[in-house]
There are 2 protein chains.
Amino acid sequence: MSTSGRGLHGRVLETLGPAITAGEYPPGSVLRTDELAQRFDVSRSVMREAVRVLESMHLVESRRRVGVTVRPKAEWNVYDPQVIRWRLAGADRPHQLRSLTVLRSAIEPVAAGLAAKHATAEQCAELTECALGMVANSKGHRLEGYLFHDIAFHRVILNASGNEMFARLGDVVAEVLTGRTRHEVMFEDPDPAAVTLHVRLAEAIRAGDAGHAEALTREIAEGALHELDILAP
Amino acid sequence: MSTSGRGLHGRVLETLGPAITAGEYPPGSVLRTDELAQRFDVSRSVMREAVRVLESMHLVESRRRVGVTVRPKAEWNVYDPQVIRWRLAGADRPHQLRSLTVLRSAIEPVAAGLAAKHATAEQCAELTECALGMVANSKGHRLEGYLFHDIAFHRVILNASGNEMFARLGDVVAEVLTGRTRHEVMFEDPDPAAVTLHVRLAEAIRAGDAGHAEALTREIAEGALHELDILAP
DNA sequence: GCCGAGAAAAAGTCAGACTTATTTGGCACA
DNA sequence: TGTGCCAAATAAGTCTGACTTTTTCTCGGC
């Protein structure tokens, strides 16, 4: 499930990363490696490795004679899956969820259009299978089953788009959908209209109708954005 | 200009990163920290820090008793600015440039639509200024001046969208535009139609016309994609 | 008030010893 | 012949302590 946690430095990151992304240390805050090493009861080497990772995510900057300073939020590598996970686990989870949903609304329609052109027969079959799975789990509070097929559905489209940048957003979409199901809305069965849209989208892609696929995905995205507006207008 | 290079481990990354992203070590290749440390003539601590950074980019995976194995390309953090820079400097630069341009074509229209709603008066003024700068440098092989204003123009829109995920793509757009001007096409003056579109886009955003702004940006994106097709159909 | 030398502070680097997890391979036993 | 277990080998992981380097602050002289 979670990527890090392997090794001592991973253990440190698991608490330091979320703390920084949660804004616990305001931008400009200065940390010292030695002090951190003591606090986490690890050697300086381990601490240095952790700091290097944070630095590569642009969360902090390490300078001689100064220490490890926290960078302003605007400079963070917000596309780093680890950073996304930390932020989704923290206080500004709603804000982050909205940002990511807007991102999805921009990416997925274009990806679906490309998928209609490039999807292999196998991918089309998989897509139909996912859509059927969504239908089968759309009634009777079978949210986990629905979520599973929903994630797979969107992942197949992103992969089928043939664009590696799109494909790598599969994990992000998975996080957003999971978060929505488990923590935010969706206490009852999913919107039947959304289910129908997914079925029709699978069909449009199978038929190679790029324009239709793009339009249908825009409708799905509209629905997702609307859901957020209901929750936090 | 380049982010890394600070410290010994940065020096190591500057040659190891590009080598890996260039596919010099095929996925599954095994490296050993000790051997690398010898090769780069640095201590193991420094080498370990470099490996940690590569690991956080999902370029490699470090496992006990096995070594540092190169991950398949599909798992790389392709949104990491450092990784993007390394790949743009390498052999699959054209492929990467195409992926990023398609990404732009998905993001920027939506960002422009949001910018029309959220842009401050100051941002609108800046946008108009950039558009004028583009016009002023559109004739007479003043490519550098044109590029400068083009980058600033798109960066303002992404920032004005109010979405942090969009805003952080400013650097990516800058890389793409720079790459296009300096290495790929554009030996002569920029397409006059594109210049006009930028001017009209600035006006649409100032007027708060989201639909028009989105449509105009789509036209600009179409142009950029078309340019690539001319070069490598 | 300004400037330069020196002190101080913190990260950076290195070397070496030790620990731990994982894999491999051989040996015994079924 | 196949299977399962134990022991050895291996490479990453960890810790410690000493040393270097860079940058900033301070203090004294002008």
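Reminder, nothing fancy here: chain letters follow the sequence lines and each chain counts from 1.
- Under 4.0 angstrom from either OP1 or OP2 of C/dG12 there lies at least one side-chain N or O belonging to A/S62.
- Contact check, A/R52 against C/dG12: a side-chain N or O comes under 4.0 Å of OP1 or OP2.
- As rounded to whole Å, 15 Å separates atom C1' of D/dT10 from atom CD of B/E35.
- The CZ-P distance, from A/R48 to D/dT20, rounds to 17 Å in whole Å.
- Remark: B/R65 is not in phosphate contact with D/dA9, judged by side-chain N or O atoms under 4.0 Å from OP1 or OP2.
- At a cut-off of 3.5 Å, with distance as the only test, no side-chain donor of A/S45 or B/S45 sits close to an acceptor on the other residue.
- Residues A/E35 and A/R39 are paired through a salt bridge, judged by an N-O separation under 4.0 Å between the basic side chain and the carboxylate.
- Each of B/D92, B/L97, B/D80 was checked for a side-chain contact (heavy atoms from CB on, under 4.5 Å) with B/R87, and the lone residue meeting it is B/D92.
- Here the P atom of nucleotide D/dT14 and the CG atom of A/D41 are 13 Å apart, to the nearest Å.
- Using a 4.0 Å cut-off, no side-chain N or O of B/R64 falls inside it from OP1 or OP2 of C/dT23.
- Within the 4.0 Å cut-off from OP1 or OP2 of C/dA11, at least one side-chain nitrogen or oxygen of A/T33 is found.
- For the pair A/L54 CG and C/dA11 C1', the computed distance is 15 Å after rounding to whole Å.
- Put simply, CG on A/L36 is 13 Å from C1' on C/dA11, counting in whole angstrom units.
- In this pair, B/H154 and B/H198 present their aromatic rings perpendicular. The plane angle is above 60°, beyond the 30 to 60° band.
- Taking atom CE on A/M47 and atom P on D/dC15, their separation rounds to 12 Å, with Å as the unit.
- Heavy-atom distances to DNA chain D give each of A/H9 and A/V66 a nearest nucleotide, and the one nearer the 5′ end belongs to A/H9.
- Nucleic acid contact class of B/R44 (heavy atoms, under 4.0 Å, all strands): base.
- Position along DNA chain D of the nearest nucleotide to A/R63 versus A/V46 favours A/V46 as the more 5'-ward residue.
- Rounded to an integer number of Å, the gap from B/R11 CZ to C/dG12 P is 13 Å.
- Between A/R32 atom CZ and C/dG12 atom P the separation is 14 Å, expressed in whole Å.
- Counting any heavy atom pair closer than 4.0 Å across all strands shown, B/S45 reaches a base atom.
- The environment of A/E129 atom CD is sparse: at most 12 non-hydrogen atoms of other residues, nucleotides or ligands sit within 6.0 angstrom.
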